[in-house]
Amino acid sequence: LLKQGYYNYYYSFLRDGDTRLDPEYFEGNLGQTENDYAIYVFHRTTGTFYDRLICAKHFNSVKN
């Protein structure tokens, strides 16, 4: 499965005896792709010179 994004090529499949290309054979649809996400929330207290990590969340688009 290919992930959502920009590609400068295009895969398609032509079955024997058929005249129509099938792009979903390789690319599927967006519901079949899997993505991992990470969210980090930082806070800087006034007068300090560093950011403090206050929350982190990791999740997957398929495995909530």
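For reference, positions follow the sequence shown, starting with 1.
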For this session: Tell me whether Phe59 is reachable from Tyr40 by hopping between hydrophobic residues (I, L, V, M, F, W, Y) whose side-chain heavy atoms are closer than 4.5 Å.
Result: no
For this session: Check the hydrophobic clustering (I, L, V, M, F, W, Y; side-chain heavy atoms under 4.5 Å; chains of links allowed) and say if Leu53 and Tyr37 are grouped together.
Result: no
For this session: Check Arg44 against Asp51 and note the closest heavy-atom contact, atom names and distance.
Result: NE-OD1, 2.8 Å
Exercise. What are the two closest heavy atoms between Asp36 and Asn60, and how far apart are they?
Worked result: OD1-ND2, 2.7 Å
For this session: To the nearest 0.5 angstrom, please state how far the NE2 atom of His58 sits from the CD1 atom of Ile39.
Result: 9.5 Å
